[in-house]
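Working notes for the structure below.
Below, read A as the first sequence line, B as the second, and so on, with proteins coming before strands; counting in each chain starts at 1.
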Number of protein chains: 2
Amino acid sequence: MTTIRQLEYITAIEDHGTFQAAADACHVTQPGLSAQVRQLEDLLELQIFERGRKRVLVTPAGREILDRARRVLIAVEDLQQAARSSSKPFTGPLRLGVIPTVAPFVLPAVLPKVRRAYPALRLEVHEAHTPELVQALEQGTLDLLLLALEAPLGDAATLALFEDAFMLALPRDHRLAGRKRVRESDLAGEDVLLLEDGHCLRDQALSVCNRAGALEIGDFRASSLTTLVPMVASGAGLTLLPALATRTSAALDRDLALVPFSRPVPKRTIGLAWRKTSPRGDEFSELADLFSAAANTTRRRS
Amino acid sequence: MTTIRQLEYITAIEDHGTFQAAADACHVTQPGLSAQVRQLEDLLELQIFERGRKRVLVTPAGREILDRARRVLIAVEDLQQAARSSSKPFTGPLRLGVIPTVAPFVLPAVLPKVRRAYPALRLEVHEAHTPELVQALEQGTLDLLLLALEAPLGDAATLALFEDAFMLALPRDHRLAGRKRVRESDLAGEDVLLLEDGHCLRDQALSVCNRAGALEIGDFRASSLTTLVPMVASGAGLTLLPALATRTSAALDRDLALVPFSRPVPKRTIGLAWRKTSPRGDEFSELADLFSAAANTTRRRS
DNA sequence: TCGTAGTCATAACCAGAAGTTACCAGCACG
DNA sequence: CGTGCTGGTAACTTCTGGTTATGACTACGA
């Protein structure tokens, strides 16, 4: 009969590339693991792995099996989590994924609050770009995401926390620096600096620029907002900063001017996302209160 | 460690109502099953069943666990099916659900074709109303549905087979009986007979009648089209029949007249539906060809 | 080119878990 | 108040999943 353990073994093999490493990861010996895999293959009457020289290959049929095995394991994981949180919610591990353009501006305020409110919760933060986060969510590697809801999120359940308006960031001596407000159309013909590929913020800012007729500077793409801001301050061009990022010390450069947009204000929506099938949806909704409260204090501070 | 077998046991208990019956269904003895359930409850640290006098009750927490257990089992089932069909497709059991207003007009033509084309396929037909079918599909009790796609189908994958136009069925001596075509508005003020509650066809016909201002006869609701047709023929009122049902002998009553609608023709769409996650989506799409071919011959015959 | 260090498979053995039979306790019902 | 259902407990058996020890094969470096 098919067993959960067998499925854990084969996914471990795919994850680690060799039987040996998988066996270690599963805390069993290699022959034991081999036997189980063999048994599963016999049962399904198909070969999952091609035992090759120096490396294990996944057969086409095995590919399908592995994908489904992971779904089974997620469902099992969810069941166990459901059991835990039905008796004592806000307990155990919670793997949170956050995008880089949000993490540094929200987490410092939120994490302590979470620790205080739910000491039994073991929060584990992973930072990555939206597509990786979404994939990890679907694979069950992450439980909860904190990101911009405008990006494609598959069929995750989402909950908006707050809106994060974009502001125009530009050198103090720029012609627009004195303005009380700017319109998107004011950007026409300007040189803008953007983040490197992968950041959803880049895509959002880029679409604003395209609409407005601004031109991205060709030879530079910042790897983070922290590197982007000094570039703008030093006169290399202007950029769009989410309001969330404008209250942090790095943005308080004396050579940097910040001008809000007039309506309609370009913005992004920061929120939480989780698997629709997650047993902890209720907990996440409750956590959301903490998140938006903390984010508000961050934004008001300064 | 949680095991698939344990999950099978607890779902069997819910399905059969007692430990004893569940044990029989699982082909194990009751103590063996009891021990496993106990073990699972210890592991999850919650009570799934309330062992009561004469009957087993499911606790609230147990409710949640059982739902998730079923999801796991569906995922496992899908995995095994994926294995089977990746090596030899169109093999093994295929549980097909069909609505009553379609089954008698499509299955007689389709089933023999299917048997001939895929002799290794063990087709098992279940007849029920749409909501039951959809629920069974989601629970993994059925694999494939044949029904009208207008009804709410959850998030199943669907594939339209053909359109099934409604026709006006009425007594030979009715004032509209001689018409070449009728408009929906011609129904205004007429007495119509409909199927009993639960049939999606009833809902569809009813909405046409409401639009047209026709009135349902209060004291009679037919349990099937076969009982409905003679009622109309005997002058009790008129009704809407799907074209699919008008070619069968029962509808060829000499006291019954059939008049097609002019455009826009009211109609339903007959199609297949299956779980999006089903490993056999490809097989189902291929089966669809057989179904629509067979349905066409049915409709052209006569 | 020949060890060496990896790979996975095989074989023999062991321990524990899952299943069995046999029995007991409680409750419903005629 | 027995009879016939429940499900639980206990002792025994079976088997399966695990172990260690070993072997065959490949890649790679001395």
- Query: Charged N to carboxylate O under 4.0 angstrom, A:D78 versus B:R71?
  - Reply: no

### Message
Less than 4.0 angstrom from a charged side-chain N to a carboxylate O is my criterion; do B:E77 and B:R70 meet it?
### Response
no

Between B:Q39 and C:dA18, is there a side-chain N or O to OP1/OP2 distance below 4.0 Å? yes

With the side chain defined as heavy atoms from C-beta on, A:S34 is closest, among D:dG8, C:dA9, D:dG7, to C:dA9

**OP:** For A:Q30, report the nucleic acid contact type (base, sugar-phosphate, nothing); a contact means any heavy atom under 4.0 Å.
**Re:** base

The answer to which of A:P31 and A:T3 contacts DNA chain D further toward the 5' end, by nearest nucleotide, is A:T3

Does a side-chain N or O of A:T29 approach OP1 or OP2 of D:dT19 to a distance below 4.0 Å, or not? yes

Check whether any side-chain nitrogen or oxygen of B:R38 sits under 4.0 Å from OP1 or OP2 of D:dG7, and answer yes or no.
no

* Aromatic plane relationship, A:F90 with A:Y118 - under 30° parallel, 30 to 60° tilted, over 60° perpendicular -> parallel

Between CD of B:Q6 and C1' of C:dA18 the distance, given in whole Å, is 10 Å

| task | Give a yes/no answer on whether the side chain of A:R5 brings an N or O atom under 4.0 Å of OP1 or OP2 in D:dG18. | result | yes

(request) Give B:F49 one of three labels, base, sugar-phosphate or nothing, depending on what nucleic acid heavy atoms sit under 4.0 Å from its own. (result) nothing

Checklist entry - Is it the case that more than 12 heavy atoms not belonging to B:R115 sit under 6.0 Å from its CZ atom? => result no

